[in-house]
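Working notes for the structure below.
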Amino acid sequence: MIAQGLLSAGASVAITSRKEEVCRQAAAELAEFGECRPLAADLSSPSAATELAERYLEAFETCDILVNNAGKTWGGPIHSFPDKAWTDVMTVNVQAPFALIRDILPALVAAGKPLDPARIINIGSVAGMKPEGLQAYSYSASKAALHMLTRDLAGELAAQNITVNAVIPGYFPTKMTAHMRDEDAVDPDLLAHIPLRRLGRADEIAGVVVYLCSNAGSYVTGALIPVDGGLVGCS
């Protein structure tokens, strides 16, 4: 959703995915919208994030926009929730984004200008803003941590002409919500939970990211922007 939106707005984009073939196939499908390069990486360790940053800079040299979208979740009842669910989820959702920001930072600094800063956009979650009853304890905690990291970095990097914001999606038709959907049919209890009574659309999440990367978004930093059909704002 986000990659297609940025490509349609004229950006050259690199995408990543754990599996090489999946990454290549997605890049090939997105190529009709613009230049899209596949850089497969399993971001389950900080060293993998560092390696991805190095490979990206070899391919592109510059970076105007960094979107941290890779995520992992784990759900289960509290009495059997395993310790390994914390290490893996916190690494992918918090530590890997930080490592990517740290290692791509020189390129972002070089790209940033006072009236056209470089952009960092972290993809958070409504589960990190309010209790959703998902029994995904490490996931919600990790997203809350990512939201705070966004605000910390926004204050620190503003002087270097870099904005840092978080987009907070609610429920969209992704793999993470597949268990709540049967093709086009959505769990009615879920829809009743969302004030606007529907899932989000691809152009709605892409549009917010493109806005933040446009001239209109150049004066926005440290913001946590819900795109959630009213889940955060109406409760």
Side-chain angles (χ1 to χ4, degrees), residues 1-3 14-23 26 38-57 63 66-106 108 120-157 164-172 174-180 205 222 224-228 231-232:
M1 300 178 189
I2 294 169
I15 60 170
T16 191
S17 178
R18 286 174 298 160
K19 298 180 180 179
E20 181 80 34
E21 182 56 35
V22 170
C23 197
L39 295 173
D42 182 347
L43 296 176
S44 58
S45 70
S47 60
T50 295
E51 181 186 1
L52 175 60
E54 292 172 351
R55 289 166 55 212
Y56 169 83
L57 292 173
C63 184
L66 171 61
V67 179
N68 283 309
N69 184 53
K72 184 171 185 175
T73 189
W74 193 301
I78 188 170
H79 62 267
S80 60
F81 203 80
D83 289 338
K84 64 181 181 179
W86 286 92
T87 302
D88 292 351
V89 171
M90 293 298 288
T91 297
V92 173
N93 294 358
V94 185
Q95 193 172 4
F98 178 83
L100 274 172
I101 292 168
R102 179 195 63 205
D103 295 336
I104 293 182
L105 187 58
L108 291 165
I120 297 171
I121 299 172
N122 296 319
I123 305 302
S125 171
V126 66
M129 297 283 282
K130 61 185 292 289
E132 281 293 288
L134 300 175
Q135 292 190 310
Y137 308 105
S138 55
Y139 176 77
S140 58
S142 72
K143 289 302 184 178
L146 184 64
H147 301 164
M148 192 64 236
L149 179 62
T150 296
R151 296 177 65 193
D152 267 346
L153 292 174
E156 183 168 343
L157 299 179
V164 189
N165 295 289
V167 173
I168 316 296
Y171 294 93
F172 281 75
T174 66
K175 289 183 179 179
M176 280 193 178
T177 61
H179 64 289
M180 302 175 181
I205 201 72
L224 309 179
I225 304 176
V227 187
D228 63 359
L231 279 168
V232 172

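No hydrogens, no waters, no symmetry mates; every other heavy atom, side chains included, goes into these values.
- Residues passing the side chain to side chain donor-acceptor pair (under 3.5 Å) test with Ser45 are Ser47, sequence neighbours excluded.
- Scored by the side chain to side chain donor-acceptor pair (under 3.5 Å) test, Ser138 finds no partners at all (sequence neighbours excluded).
- In this structure Ser140 satisfies the side chain to side chain donor-acceptor pair (under 3.5 Å) test with no other residue, sequence neighbours excluded.
- Among pairs with a residue in residues 85-100, those fulfilling salt bridge (Lys or Arg N to Asp or Glu O under 4.0 Å) read Lys72-Asp88, at least two apart in sequence or across chains.
- Partners of Pro82 under the side-chain contact (heavy atoms from CB on, under 4.5 Å) rule, at least two apart in sequence or in another chain, are Trp74, Lys84, Ala85.
- Scanning for side-chain contact (heavy atoms from CB on, under 4.5 Å) contacts around Val232 gives Val126, Met129, Lys130, Pro226, Asp228, with sequence neighbours left out.
- Taken from CD1 in Ile120 to SG in Cys63, the straight-line distance is 8.5 Å, to the nearest 0.5 Å.
- Note that the CG atom of Asn93 and the OG1 atom of Thr73 stand 7.5 Å from one another [nearest 0.5 Å].
- Checked by atom type and distance alone, the side chain of Arg102 never pairs as donor or acceptor with a backbone atom of Thr50 at under 3.5 Å.
- Side-chain N or O atoms of His147 include none that pairs as donor or acceptor with a backbone N or O of Asn122 at under 3.5 Å.
- Applying the ring pair (Phe, Tyr, Trp, His ring centres under 6.0 Å) rule to Tyr56 yields the partners Phe60; only residues at least two apart in sequence or on another chain are considered.
- Ala154 is linked by a side-chain contact (heavy atoms from CB on, under 4.5 Å) to Val164, Thr221, counting only residues two or more places apart in sequence or in another chain.
- Under the side-chain contact (heavy atoms from CB on, under 4.5 Å) criterion, Ala49 pairs with Leu43, Ala96, Ala99, Leu100, not counting sequence neighbours.
- Legend: residues meeting salt bridge (charged side-chain N to carboxylate O under 4.0 Å, His left out) with Glu20, ordered by chain and number and at least two apart, are Arg24.
- In terms of the side chain to side chain donor-acceptor pair (under 3.5 Å) criterion, Asp152 has no residue partners (sequence neighbours excluded).
- Shown here is Arg55, whose CZ atom has more than 12 heavy atoms of other residues, nucleotides or ligands within 6.0 Å.
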